[in-house]
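Working notes for the structure below.
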Number of protein chains: 2
Amino acid sequence: MDIREIARRAKVSTATVSRAINRVPTVDPQLAKRVWKVVDELGYYPNTQARALVLGRSRIFGLIVSEITNPFFPEIVQTFEDLAVKNNYEILLTSTVHDPKRMESSVRRMIERRVDGVAILTFGMEESLIEHLRDRKVPLVFVDVGPNIPGIANIRINYLNGIRQAVQHLAALRHTRIAFIAGPQRLKSAGARRDAFEASMKEIGLSPDLIVVGDHRMEGGMNALLELNKLSDSPTAVLCSNDMTAIGVLREAYDQNIKIPEDLSVVGFDNIHLAEFTIPPLTTVQMSQHDLAKIAFNALLQEVEDGSSSPERHNYELVTGLVLRRSTALARSRRSAATPTPNRVAKSRKTPAPQ
Amino acid sequence: MDIREIARRAKVSTATVSRAINRVPTVDPQLAKRVWKVVDELGYYPNTQARALVLGRSRIFGLIVSEITNPFFPEIVQTFEDLAVKNNYEILLTSTVHDPKRMESSVRRMIERRVDGVAILTFGMEESLIEHLRDRKVPLVFVDVGPNIPGIANIRINYLNGIRQAVQHLAALRHTRIAFIAGPQRLKSAGARRDAFEASMKEIGLSPDLIVVGDHRMEGGMNALLELNKLSDSPTAVLCSNDMTAIGVLREAYDQNIKIPEDLSVVGFDNIHLAEFTIPPLTTVQMSQHDLAKIAFNALLQEVEDGSSSPERHNYELVTGLVLRRSTALARSRRSAATPTPNRVAKSRKTPAPQ
DNA sequence: TTGGCCATGGTAAACGTTTACCAGAAGGAC
DNA sequence: GTCCTTCTGGTAAACGTTTACCATGGCCAA
């Protein structure tokens with residue numbers, strides 16, 4: 001169904017229909033009413049791609065995340081979505097699952113669909129891809145230390161702040177053997193967290209040598225704790241590069257019958273909603289997903305609406321801070337050296353579902 | 001940058017460029033090579049909206065979920081995305097957050113963007129909205145008992161199967177006071193789960209009267225357990241309408257110092273990835289998100305590619321089954337009636353993050 | 001009455017593709 | 001050499017909008 005169809009039935013021209021629909025004030029109220037009547041009767045919806053074609057604006061924002069199944073991201077996506085509906089935008093979501101090929105196809109898809117802007121929340125993206133976007137003048141916003149390409153909005157995250165609080169919190173609880181479970185090495189954001197950890201440790205005269213790398217997922221957290229416990233002088237506290245890792249640690253500790261927080265203090269990072277519901281509830285570094293999404297969206301919106309990308313708008317900073325819950329406690333004066341008895345049950349109980 | 005620009009530089013017509021790009025075999029290999037060279041040099045990407053306009057196909061599928069922050073959905077979205085890239089589709093995601101207004105705008109957006117099909121994974125949608133879509137001949141696929149509109153593909157979920165297994169499992173562990181924490185009442189899917197519970201209980205001669213309603217979120221699970229424990233004859237086992245609810249139950253039990261599974265057996269539903277990482281790991285009814293997404297996607301794909309919507313393809317069934325982990329155990333012969341001592345800490349510890 | 005100005009709506013071009021249709025070249029048969 | 005066929009590539013219309021530009025008609029002033 002056409003705008004022409006509407007025009008025919010309302011006995012006006014397509015121009016008038018278009019004007020009526022877009023509420024151009026110069027159109028006679030009588031005519032407008034006639035047009036709207038037909039529109040409603042026929043259940044006509046304008047074709048956005050035709051409109052986009054002539055307007056040169058698609059009203060679509062791209063959102064590239066690294067892994068939608070990591071609960072960190074859905075919270076961002078939801079806020080982004082909320083803002084999108086409010087502003088009459090769509091969001092084109094891609095999840096790169098850390099795969100370079102997928103990153104490439106993400107970027108390609110964004111360009112082919114002629115999105116009006118892209119928010120990049122995946123961290124290991126090749127610079128060449130980003131330049132590809134920049135060359136087409138697609139407004140871009142980066143979260144975190146993106147490659148330092150001039151003219152691209154960056155939301156810097158102040159990791160140090162929150163991580164320093166976490167480390168000092170642990171130190172105040174008399175922990176000295178504090179381990180860090182890092183994220184995937186190629187991720188800049190993971191690197192930044194790790195750097196913040198090292199800096200914070202050194203600040204208070206502790207050596208940040210207990211570092212093992214995970215994968216920002218629960219599985220990695222489990223393995224990391226396993227590894228940490230093999231050490232002769234295993235830590236009394238672990239700081240994790242993200243909450244999912246911490247959840248894995250909690251889980252592995254349960255298997256090993258290590259009591260949290262009595263035997264081991266655990267701190268996460270991100271403060272995803274879930275962190276309030278772990279057992280025990282997770283002390284973690286907060287970084288507001290909501291604010292993050294909001295800043296990203298508005299940065300894009302401004303750039304496309306104003307056209308201008310004033311340089312002072314190009315740097316945003318997101319603060320982080322510690323939120324205390326129940327996964328941290330005073331370090332034991334002397335931690336028992338005996339290997340804790342595992343209560344891991346036989347594998348055979350993990351019956352796969354019939355299918 | 002245009003197809004015309006390419007044509008000019010390659011010294012051919014736009015028709016040839018189009019044909020070369022789309023790999024039409026009748027075009028001379030020499031010419032094709034010339035075209036591709038220019039395309040690569042200029043970094044040209046076809047404009048999909050122009051293409052969609054003339055083709056009458058947008059290569060976009062709509063995906064309406066009820067709450068992207070519920071971990072159940074991201075797993076579906078991921079699979080959907082995977083299939084989308086493979087088949088050169090985009091997905092237009094909307095999250096209705098149980099808001100009728102958002103459902104309406106979801107549908108409107110889908111239509112305006114001229115999606116080629118819609119998968120509906122939100123459950124309380126008004127029939128009128130659905131008919132709106134059907135009237136425009138948009139291929140539709142429903143998960144679960146959608147309204148019974150003929151000509152719309154339905155993925156029926158066999159709840160009874162899995163829930164019966166769960167109930168029988170609990171009964172075999174000598175539980176007789178088995179409670180059910182239902183989902184939001186207006187959700188048909190939640191209703192179906194509840195019905196399956198009631199039927200399964202009756203089958204083995206137990207009365208399904210211990211039912212309290214939650215919200216399919218962790219908060220609701222916590223409240224529900226609170227309520228259940230107020231009862232004089234509180235249950236020794238709880239079956240939850242979804243895993244998030246179960247996670248809430250676990251969490252509340254922790255606060256109340258109720259040991260899982262010794263004092264209380266807990267069973268979830270959905271088998272989200274997280275269920276393997278709760279404490280204790282959650283026994284739950286499995287329903288493969290992956291399969292679900294796959295079926296939904298393929299149903300849509302077939303309908304748009306074949307055009308035909310053969311009726312036998314209109315009904316799919318997804319099986320469910322129990323997966324045993326560690327949140328269930330033998331019922332205590334006599335459960336202590338004493339109220340368990342809460343170990344809930346003072347509220348003041350829940351320090352909000354600085355901001 | 002006539003000329004000019006405003007207000008309003010219509011005509012048609014443009015956005016960037018695809019493809020039906022056609023034109024021209026090449027080659028073969030007579 | 002002429003005609004027919006085949007193969008390949010070009011011309012132009014179409015997809016559904018928006019909007020610059022123009023036409024019309026009404027009103028007022030002289």
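Throughout, protein chains are lettered first and strands after them, A, B, ... in sequence-line order, and every chain is numbered starting at 1. Just so it is clear, the model here is predicted, and its values are computed rather than measured.
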Round to the nearest Å and state the distance from [X] atom [atom1] to [N] atom [atom2].
X        : N      : atom1 : atom2 : value
A:Arg114 : C:dT17 : CZ    : C1'   : 11 Å
B:Leu31  : D:dG9  : CG    : P     : 5 Å
A:Arg136 : C:dG16 : CZ    : P     : 13 Å
A:Arg59  : D:dT17 : CZ    : P     : 17 Å
A:Ile21  : D:dG16 : CD1   : C1'   : 11 Å
B:Arg8   : D:dG10 : CZ    : P     : 14 Å
A:Ile111 : C:dG16 : CD1   : C1'   : 17 Å
A:Ile3   : C:dG10 : CD1   : C1'   : 13 Å

What parts of residues 48-56 of chain A reach DNA chain C, counting only heavy atoms under 4.0 Å away? A:Leu53, A:Val54
Should we count CD of A:Glu41 as having more than 12 external heavy atoms under 6.0 Å? yes
Suppose we call two aromatic rings close when their centres sit under 6.0 Å apart. Are A:Tyr45 and B:His132 close by that rule? yes
Between the side chains of [X] and [Y], does any donor sit under 3.5 Å from an acceptor?
X        : Y       : result
B:Ser95  : A:Gln78 : yes
B:Gln49  : A:Gln49 : no
A:Thr122 : A:Thr96 : yes

Please report the shortest heavy-atom distance between B:Pro139 and B:Leu300, naming the atom on each side. O-CD2, 3.7 Å
Scanning both residues in full, the closest heavy-atom pair of A:Asn87 with A:Arg59 reads O-NH2, 2.9 Å
Residues within residues 36-43 of chain A bordering DNA chain D, heavy-atom distance below 4.0 Å: none
Plane angle bin for A:Tyr89 and A:Phe61 - parallel if under 30°, tilted between 30 and 60°, otherwise perpendicular: parallel
Quick one: which of C:dG9, D:dC15, D:dT11 gets closest to the side chain of B:Ala15? D:dT11
Nearest listed nucleotide, side chain of B:Asp28, among D:dT17, C:dG10, D:dG9: D:dG9
So for the helix from C:dT1-D:dA30 to C:dC30-D:dG1, with five pairs setting each end axis, what is the inter-axis angle to 10°? 70°
Does [Y] offer a backbone N or O that forms a donor-acceptor pair with the side chain of [X] under 3.5 Å?
X        : Y        : value
A:Asn22  : A:Val24  : no
B:Asp116 : B:Ser58  : yes
A:Ser106 : A:Arg102 : yes
B:Thr16  : B:Val12  : no

Looking at [X], does any N or O in its side chain come under 4.0 Å of the phosphate oxygens OP1/OP2 on [N]?
X       : N      : answer
A:Thr16 : C:dG9  : no
A:Tyr44 : D:dT17 : yes
B:Ser13 : D:dT11 : no
B:Asn22 : C:dT18 : yes
A:Thr26 : C:dA7  : no

Classify the side chain of A:Arg19 versus the base of C:dG10 as yes if they form a donor-acceptor pair under 3.5 Å and no if they do not. yes
